[in-house]
Colleague: 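One structure follows; several queries about it will come next.
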Amino acid sequence: MDHRTLMARALELAALAKGRTSPNPMVGAVVVKEGRIIAEGYHQKAGTSHAEVIALEQAGPAARDATLYVTLEPCSHYGRTPPCVNKIIAAGVKEAVVAMTDPNPLVNGRGIKMLREAGIKVIVGVLQKEAEKLNEVFIKYITTGRPFVALKWAMTLDGKIATVAGDAKWISNEVSRAYVHTLRDETDAILVGINTVLSDNPSLNTRLPGKKGKDPIRVILDSRLRVPLNSNVVNLDSPAPTIICCAENADKEKISRLEEKGVLVWQLPSSAGLLDLSCLLDRLGAKEVTSLLVEGGGTVIESYLRQRLADKLYCFIAPKIVGGQQAKTPVEGRGVQSMAEAYRLAELNCENMAGDLLVTGYFRK
């Protein structure tokens with residue numbers, strides 16, 4: 001087995017914890033000796049043992065003179081757990097193959113340097129792009145202090161998110177909707193505007209067939225605190241909190257009533273009735289929210305695009321046409337004035353979702 005094959009296995013292990021390691025990265029590790037895998041491990045949850053430690057403890061004394069494959073540079077600092085570098089050196093590993101350096105300023109090459117100083121041969125960059133893609137959320141969060149922002153919408157072939165009468169159930173099919181719940185399960189927080197709450201009364205939780213998913217934190221943009229006290233987002237029985245964001249001059253009595261129900265109310269700076277989304281991202285980052293799924297509606301989506309705050313897009317396209325000049329589209333607001341100002345996407349991918357199309361891509365900065 002070559003380096004790429006063994007690193008691919010480490011990446012496969014790392015991905016098993018998708019949505020469970022925040023605010024930590026996903027990491028997988030494989031210990032190889034005399035051409036065969038003798039131990040494996042992956043980081044399962046923040047605060048628990050790191051992938052390298054799990055794999056080395058599984059290998060035991062056999063780890064001496066073995067090769068360690070790890071998807072991210074081993075940590076060299078004390079966080080929730082001790083440094084992995086110390087464990088690797090003590091285990092007597094002779095070689096470490098690392099997919100990518102850790103962008104965390106507390107590490108960022110120091111782990112690799114310590115391994116080399118201990119006489120361990122280190123190879124860096126095997127399946128680096130794949131490793132960076134796997135941990136795109138962590139990379140954004142640890143380098144900016146803000147969550148990775150993904151926009152999501154479902155629309156008809158003619159670009160509508162509802163009929164002219166407001167009917168939107170359902171545009172996408174069951175396969176697409178199940179995928180959205182998988183996204184929610186893997187995401188720290190989900191965001192909608194107050195108009196979505198008033199029109200749809202969504203629960204914004206995770207519903208996965210056959211198993212219990214992880215609910216994301218629910219974030220509602222509601223500058224004037226119009227959210228009904230009996231709405232689902234206010235009364236949902238969930239371990240994940242609801243955060244309602246309002247303007248600094250919002251009704252204090254309404255704030256108190258929401259807080260009595262266990263809702264977190266964040267008062268944010270605003271201008272012309274629009275909340276400061278940059279400030280919101282900073283506050284979410286400070287709360288260790290590493291990923292944010294923005295599900296709309298059109299005015300909210302346009303705000304994230306206009307302020308260049310979005311990183312990724314999930315666009316579901318159903319093979320349906322509804323028409324209607326007044327029917328809503330996924331991106332409302334004032335729009336751009338020229339084609340040169342259009343929001344551009346890169347790394348596009350198109351996937352057939354049992355008849356629907358899922359287009360994903362990354363926004364160019």
Colleague: Ignoring hydrogens, what is the shortest heavy-atom contact between Met26 and Ala14? Give both atom names and the distance.
Modeller: CB-O, 3.6 Å
Colleague: Got a donor-acceptor contact below 3.5 angstrom from the Arg110 side chain to the Val107 backbone?
Modeller: yes
Colleague: Taking all non-hydrogen atoms of both residues into account, name the closest pair between Val227 and Ile244 and its distance.
Modeller: CG1-CD1, 3.5 Å
Colleague: Any non-hydrogen side-chain atom of Gln326 less than 4.5 Å from a side-chain atom of Thr163?
Modeller: no
Colleague: Taking atom CD of Glu248 as the centre, does the number of heavy atoms from other residues, nucleotides or ligands within less than 6.0 Å exceed 12?
Modeller: yes
Colleague: Among Leu11, Asp102, Leu72, exactly one meets side-chain contact (heavy atoms from CB on, under 4.5 Å) together with Val27. Which residue is that?
Modeller: Leu72
Colleague: With a 4.5 Å cut-off on side-chain heavy atoms, are Leu277 and Ser303 touching?
Modeller: yes
Colleague: Under the ring pair (Phe, Tyr, Trp, His ring centres under 6.0 Å) rule, collect the residues that match up with His3, sequence neighbours excluded.
Modeller: Tyr69
Colleague: Name all pairs fulfilling the salt bridge (charged side-chain N to carboxylate O under 4.0 Å, His left out) condition that reach into residues 124-144, sequence neighbours left out, sorted by first residue then second.
Modeller: Glu136-Lys312, Lys140-Asp311
Colleague: Would you say Asn235's side chain and Ser231's backbone share a donor-acceptor pair under 3.5 angstrom?
Modeller: yes
Colleague: Any side-chain to backbone donor/acceptor pair from Thr143 onto Ile139? Under 3.5 Å, distance only.
Modeller: yes
Colleague: For Arg4, does the CZ atom sit with more than 12 other heavy atoms under 6.0 Å from it, leaving out its own atoms?
Modeller: no
Colleague: Of all heavy-atom pairs between Pro202 and Val233, which one has the smallest distance, and what is that distance?
Modeller: O-CG1, 3.4 Å
Colleague: Does anything in residues 141-165 form a salt bridge (charged side-chain N to carboxylate O under 4.0 Å, His left out)? List the pairs, not counting sequence neighbours.
Modeller: Arg146-Asp282, Lys152-Glu295
Colleague: Say whether, by atom type as modelled, one donor and one acceptor occur between the side chain of Ser291 and the main chain of Asp188 under 3.5 angstrom.
Modeller: yes
Colleague: Tell me whether the count of non-hydrogen atoms from other residues, nucleotides or ligands lying under 6.0 Å of CZ in Arg257 goes above 12.
Modeller: no
Colleague: Let me confirm one number: the CD-SG distance from Gln267 to Cys246, rounded to the nearest 0.5 Å.
Modeller: 4.5 Å
Colleague: Can you see whether Ser238 engages Asp215 through a side-chain donor-acceptor pair at a distance of less than 3.5 angstrom?
Modeller: yes
Colleague: Do Thr101 and Val124 come within less than 4.5 Å of each other through their side chains, counting heavy atoms only?
Modeller: yes
Colleague: Between Val331 and Met155, is there a shared hydrophobic cluster once you connect ILVMFWY residues whose side-chain heavy atoms come closer than 4.5 Å?
Modeller: yes
Colleague: So, Glu302 side chain and Gly333 main chain: donor-acceptor pair closer than 3.5 Å or not?
Modeller: no
Colleague: Are any side-chain N or O atoms of Thr182 and backbone N or O atoms of Ala178, one a donor and one an acceptor, separated by less than 3.5 Å?
Modeller: yes
Colleague: Can you confirm whether Asn135 sits close enough to Tyr141 that some side-chain heavy atom of one is under 4.5 Å from a side-chain heavy atom of the other?
Modeller: no
Colleague: Start with the C-alpha distance between Thr67 and Val31, add both sets of side-chain angles, then the distance that settles side chain to side chain contact (heavy atoms under 4.5 Å, CB included), and finish with yes or no.
Modeller: CA-CA 6 Å; Thr67 298; Val31 181; over 6 Å; no
Colleague: State, with a plain yes or no, whether a side-chain heavy atom of Val300 is found less than 4.5 Å away from one of Leu191.
Modeller: yes
Colleague: About how many Å separate CG of Leu275 and CD1 of Ile194, when rounded to the nearest 0.5 Å?
Modeller: 11.0 Å
Colleague: Distance-only, no hydrogens or angles: does the Thr196 side chain make a donor-acceptor pair with backbone N or O of Gly297 under 3.5 Å?
Modeller: yes
Colleague: How close do Gly361 and Leu345 get, counting heavy atoms only, and between which atoms?
Modeller: C-CD2, 3.8 Å
Colleague: Would you check if the side chain of His43 reaches a backbone N or O of Ser49 as a donor-acceptor pair within less than 3.5 Å?
Modeller: yes
Colleague: Side chain to side chain contact (heavy atoms under 4.5 Å, CB included) between Ile88 and Asn86: does it pass, once the steps are laid out?
Modeller: CA-CA 5 Å; Ile88 296 168; Asn86 297 352; over 6 Å; no
Colleague: State whether a side-chain donor-acceptor pair under 3.5 Å links Glu341 with Ser338.
Modeller: yes
Colleague: Is the closest side-chain donor-acceptor distance between Asn232 and Arg218 under 3.5 Å?
Modeller: no
Colleague: Between Ala55 and Ala39, which heavy-atom pair has the shortest distance, and what is it?
Modeller: O-CB, 3.2 Å
Colleague: In sequence, state the C-alpha distance, the side-chain angles, and the governing distance for Leu313 and Tyr362, and then conclude on side chain to side chain contact (heavy atoms under 4.5 Å, CB included).
Modeller: CA-CA 6 Å; Leu313 171 67; Tyr362 294 85; over 6 Å; no
Colleague: Between Arg207 and Asn205, does any side-chain donor sit less than 3.5 Å from a side-chain acceptor?
Modeller: yes
Colleague: As a quick check of understanding, evaluate side chain to side chain contact (heavy atoms under 4.5 Å, CB included) for Leu292 and Tyr304, giving each step before the final call.
Modeller: CA-CA 12 Å; Leu292 177 67; Tyr304 274 89; 3.9 Å; yes
Colleague: So, do Ile317 and Val359 sit near enough that their side-chain heavy atoms are less than 4.5 Å apart?
Modeller: yes
Colleague: For Asp2 and Thr5, does a side-chain donor sit closer than 3.5 Å to a side-chain acceptor?
Modeller: yes
Colleague: If we ignore hydrogens and angles and just use 3.5 Å, is the side chain of Glu351 paired with the main-chain N or O of Leu358 as donor and acceptor?
Modeller: no
Colleague: Could you report the tightest heavy-atom contact between Pro103 and Ile142, atom names first, then the distance?
Modeller: CG-CG2, 3.7 Å
Colleague: Could you state the interatomic distance from CG (Asp251) to CG (Leu225), rounded to the nearest 0.5 Å?
Modeller: 7.0 Å
Colleague: How many angstroms lie between NZ in Lys287 and CD1 in Ile217, if you round to the nearest 0.5 Å?
Modeller: 5.5 Å
Colleague: Under a 4.0 Å threshold between the charged nitrogen and the carboxylate oxygen, would Glu52 count as salt-bridged to Lys87?
Modeller: no
Colleague: In the structure I gave you, are the side-chain heavy atoms of Val192 and Val197 within less than 4.5 Å of one another anywhere?
Modeller: yes
Colleague: Do Thr290 and Ser22 get their side chains close enough for a donor-acceptor pair, meaning under 3.5 Å?
Modeller: yes
Colleague: Under a 3.5 Å distance rule, please check whether Ser270 uses its side chain to pair with a backbone N or O of Gly273 as donor and acceptor.
Modeller: no
Colleague: Using a strict 4.0 Å threshold on nitrogen-to-oxygen distance, state whether Asp356 and Lys320 make a salt bridge.
Modeller: no
Colleague: Do Ile321 and Thr156 have side chains that get closer than 4.5 Å, going by heavy atoms?
Modeller: no
Colleague: Between Arg184 and Thr206, do the side chains contain an N or O donor and an N or O acceptor separated by less than 3.5 Å?
Modeller: no
Colleague: Taking atom CG of Asn24 and atom CD of Glu288, what is their separation to the nearest 0.5 Å?
Modeller: 8.5 Å
Colleague: With rounding to the nearest 0.5 angstrom, report the OH to OH distance, Tyr314 to Tyr179.
Modeller: 5.0 Å
